[in-house]
Amino acid sequence: MTKMITRFAPSPTGNLHIGSARTALINYICKSKYNDSKLYLRIEDTDKDRSKEEFKNNILSGLKWLGINWDNEPQIQSHNINRHLEIANKLLVNGNAFKCVCSEEELNERRKKINSGDITSKKICISCAKNTEVQSLEKNYVIRIKIPIDNKEILEDVVQGTVEVNKSEIDDYVLVRRDGTPTYMLSVVVDDHDLGVNFIIRGDDHLNNYFRQKFIYEYMNWEIPTYAHIPLIHGEDGSKLSKRHGAVNLIDLKKQGYLPEAIINNLILLGWSPKKGDDEIIQLNNIISMFNINDLSKSASIFSYKKLDFFNNYYLRQEKNLELFINYSKSNINLQKYLDKDEEKLIRIFNIYKKDISKYEEIVNIAEIYFNSNFEVLKNEIFEQEFNKCFNNFLELINNIKDWEYDVINSEIKDFLKKNNLKFPIIGKPVRFLLTNNYNGPSITDIFMILGKVESIKRINKYKV
RNA sequence: GACCCCUUCGUCUAUCGGUUAGGACACCUGGUUUUCAUCCAGGAAAGAGGAGUUCGAUUCUCCUAGGGGUCGCCA
């Protein structure tokens, strides 16, 4: 295919989900491989009750944040209702659709029989199409599509391969509701056709919809696009990724301090991998050249936050991404305060601790220790005699350091240890505790550098032998 | 329940009939280190089960089991 016209068509009934983001990502990657290709964005808001402007904005900004750009202005599906109805009318006139007045009870009754296996055909309305009275009604009806029952339909899916379904399995679904509004099933086909979409990449929860939607294309004599139904992402328990699996909305990951690069790297490795020997750390421009949708696995994969953490740690450690940390700090209430107070200090903390964290959010608690001007040691630790003996001398040593530089402090401490014939932990551990309330952490020289001379001495000085 | 899809280390995956079944994350061990970490080196860890096709099956076919998806006047 030389010109790939794709689309991402979310419904604005919730924030941008990791799974949807992956679908958008794969669409973006595929279209980016070919010149003159397009990725359109369409907001499918035909469910008026659940659609919200707020969600639409969240989706747009989430995609932008990830670096997934679309062509043209986002299309709003509800703006095309008249066009959708025009097609419904054509189908009706051509005898490819019919008016139906079945009551909810009748439908439920029939559905029960279908589900229990008493009836083999999925067609839910059997009488209205033949009823001329119903067909001449002016209002108060739904429009259903006509689907034959003979033989079977075959889909050659780019990802799923050949899929066969008997026509008897395909239902006479609703195109236009009783209130005169078009359903998703109608709108999606009309809009895709009008946009010239020729390659549809969507979640495989839509696989069955192909067999329903293809009839509109056929009846209208429209060219049927190529389909790629990609497997869904699952949570740790193997079911469709959802809220109970943790943060599944992009906005939540952003708030926690995950990087777009890490999320993209993580997502693309679900169901796909680079060729043998190639690095799994891989960025968008390389993914675009290496990725091929034909290689995508058919089976669903489980989303792992641990692996995301690995990638995020990798990317946030990179010098070039320091700016992202600063931007993040501006958007985080706690870090914002520290940034205003002493940007240099916050950056120093970040640079020393970045190897230990998997997301920016973790810096909040760390920074709190260093920015707390009323710092108190948590408990009255009793240190070893050896430490107590040399404590005052050590304090004096630190007091006498004039050039508060890493190398200077470092060599002063080393000399001190040598002179007093001490092993590092004797001094280091208690001092680290006095400075940070923690026996583990960065080298005490690093801690001294973060705190500065005055605050460092203030903290150590509180200890009385 | 019906229909469709899936099934290689705990997780993500490689393998396009012949491999000591490879890698990554996580985990464990050792080394370096100013503690914890980082870093480096090593380790444990997999073809759901059963038939067939074949000289030979993880790979092809079928059955079973397990998992997932769909079954709305939602999208």
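Residue numbers begin at 1 in each chain, while the letters A, B, ... track the order of the sequences. Please read these numbers as outputs of a predicted model, since none were measured by experiment.
Using a 4.0 Å cut-off, no side-chain N or O of A:Arg110 falls inside it from OP1 or OP2 of B:C71. Between A:Arg432 and B:U34 there is no side-chain N or O to OP1 or OP2 distance below 4.0 Å. Close to B:C73, at under 4.0 Å from its OP1 or OP2, lies a side-chain N or O of A:Arg144.
The base of B:U35 is not paired with the side chain of A:Ser443 by any donor and acceptor separated by under 3.5 Å.
The aromatic ring centroids of A:Phe350 and A:Tyr360 lie less than 6.0 Å from each other.
Distance, A:Asp49 CG to B:C73 C1': 12 Å, rounded to whole Å. Between the CH2 atom of A:Trp272 and the P atom of B:G23 there is a distance of 19 Å, given to the nearest Å. In this structure, CD1 of A:Ile147 is placed 15 Å from C1' of B:C71, rounded to the nearest angstrom. A straight line from CG of A:Leu269 to C1' of B:U13 spans 8 Å, rounded to a whole angstrom. Protein atom NZ of A:Lys48 is 14 Å distant from nucleotide atom C1' of B:A75, rounded to whole Å. Remark: P of B:A75 and CG of A:Asp192 are 15 Å apart, rounded to the nearest angstrom. A straight line from CE of A:Met185 to C1' of B:A75 spans 8 Å, rounded to a whole angstrom. Remark: C1' of B:U38 and CG of A:Asp446 are 12 Å apart, rounded to the nearest angstrom.
For A:Glu280, the listed nucleotide lying nearest its side chain is B:A24; candidates were B:A14, B:U38, B:A24. Taking the side chain of A:Arg212 as heavy atoms from C-beta on, and the options B:A75, B:A26, B:U34, the nearest nucleotide is B:A75. Looking at the side chain of A:Lys240, the nearest of the listed nucleotides B:U35, B:U70, B:U38 is B:U70. Listed candidates were B:A37, B:U13, B:C25. Nearest to the side chain of A:Asp356 is B:A37.
There is a side-chain donor-acceptor pair under 3.5 Å between A:Asn388 and A:Tyr463. Looking at A:Thr181 and A:Asp179, their side chains do bring a donor and an acceptor atom within 3.5 Å of each other. Using modelled atom types, one finds a donor on one side chain and an acceptor on the other under 3.5 Å when comparing A:Ser239 with A:Arg244. Between the side chains of A:Asn420 and A:Asn393, not a single donor N or O lies within less than 3.5 Å of an accepting N or O. Looking at A:Asn321 and A:Glu261, their side chains do bring a donor and an acceptor atom within 3.5 Å of each other.
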- [ ] Go along nucleotides 58-63 of chain B 5' to 3' and tag each nucleotide: B for a protein heavy atom under 4.0 Å from its base, S when only backbone or sugar atoms are that close, - otherwise.
- [x] ------

TODO: Can you check each nucleotide of nucleotides 1-11 of chain B against protein heavy atoms at under 4.0 Å and return B for base, S for sugar-phosphate only, - for none, in 5' to 3' order?
DONE: BSSSSS----S

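With both ends at atom P, the span from B:A75 to B:C60 equals 39 Å, rounded to whole Å. Annotation: B:U58 and B:G47 have their P atoms spaced 10 Å apart (nearest Å). Comparing the P positions of B:G56 and B:A65 gives a spacing of 29 Å, expressed to the nearest Å. The separation of B:A14 from B:C9, taken at their P atoms, amounts to 12 Å, rounded to a whole angstrom. Comparing B:G1 with B:A48, their C1' atoms are spaced 24 Å from each other, to the whole Å. Rounded to the nearest Å, the gap between the P atom of B:G49 and that of B:C28 is 29 Å. For the P atoms, the distance from B:U38 to B:G31 is 16 Å, rounded to whole Å. Only the C1' atoms considered, B:U61 is 7 Å distant from B:U53, to the nearest whole Å.
Once the 5.5 Å centre distance and the 30° plane angle are applied, the aromatic ring of A:His234 is found not to be stacked with the base of B:G67.
With a cut-off of 3.5 Å on both pairing distances, the Watson-Crick or G-U wobble partner of B:A2 is B:U70. If you check B:U54 for Watson-Crick or wobble pairing at under 3.5 angstrom, you find it has no partner at all. In this structure, B:A65 and B:U7 make a Watson-Crick or G-U wobble pair, each of the two defining distances being under 3.5 angstrom.
To the nearest 0.5 Å, the span separating CZ on A:Arg42 from NE2 on A:His79 amounts to 13.5 Å.
Side-chain atoms of A:Pro10 and A:Ile43, non-hydrogen and from C-beta on, do get closer than 4.5 Å to each other. Within the 4.5 Å cutoff, the side chain of A:Ile264 has no heavy atoms near those of the A:Tyr315 side chain.
Within 4.0 Å of A:Val142, counting heavy atoms only, lies at least one base atom of the nucleic acid. Using a 4.0 Å heavy-atom cutoff across all strands shown, A:Asp179 reaches no nucleic acid atom at all. The residue A:Thr445 sits close to a base: some heavy atom pair falls under 4.0 Å. Nucleic acid contact for A:Pro231: none, since no nucleic acid atom lies under 4.0 Å from a heavy atom of the residue. Looking at heavy-atom distances under 4.0 Å, A:His229 makes no contact with the nucleic acid at all. Within the nucleic acid shown, A:Gly441 comes within 4.0 Å of at least one base atom, counting heavy atoms only. Base engagement by A:Arg50 is indicated by at least one non-hydrogen atom pair under 4.0 Å involving a base atom. A:Gly203 comes within contact range of no nucleotide atom at all, as no heavy-atom separation falls under 4.0 Å. Residue A:Lys355 is classed as a base contact, given a heavy-atom separation below 4.0 Å to a base.
Atom CG of A:Leu137 is surrounded by more than 12 heavy atoms from other residues, nucleotides or ligands within 6.0 Å. The number of heavy atoms from other shown groups lying within 6.0 Å of NZ (A:Lys418) does not exceed 12. Other residues, nucleotides and ligands place no more than 12 heavy atoms under 6.0 Å from the CD atom of A:Glu104.
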- [ ] Evaluate the criterion ring-ring contact (aromatic ring centres under 6.0 Å, His included) for residue pair A:Trp272 and A:Phe291; output intermediate values, then yes/no.
- [x] CA-CA 8 Å; A:Trp272 177 82; A:Phe291 183 84; 5.3 Å; yes

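Mapping A:Arg317 and A:Ser273 onto RNA chain B via the closest heavy atom, the residue that lands nearer the 5' end is A:Ser273.
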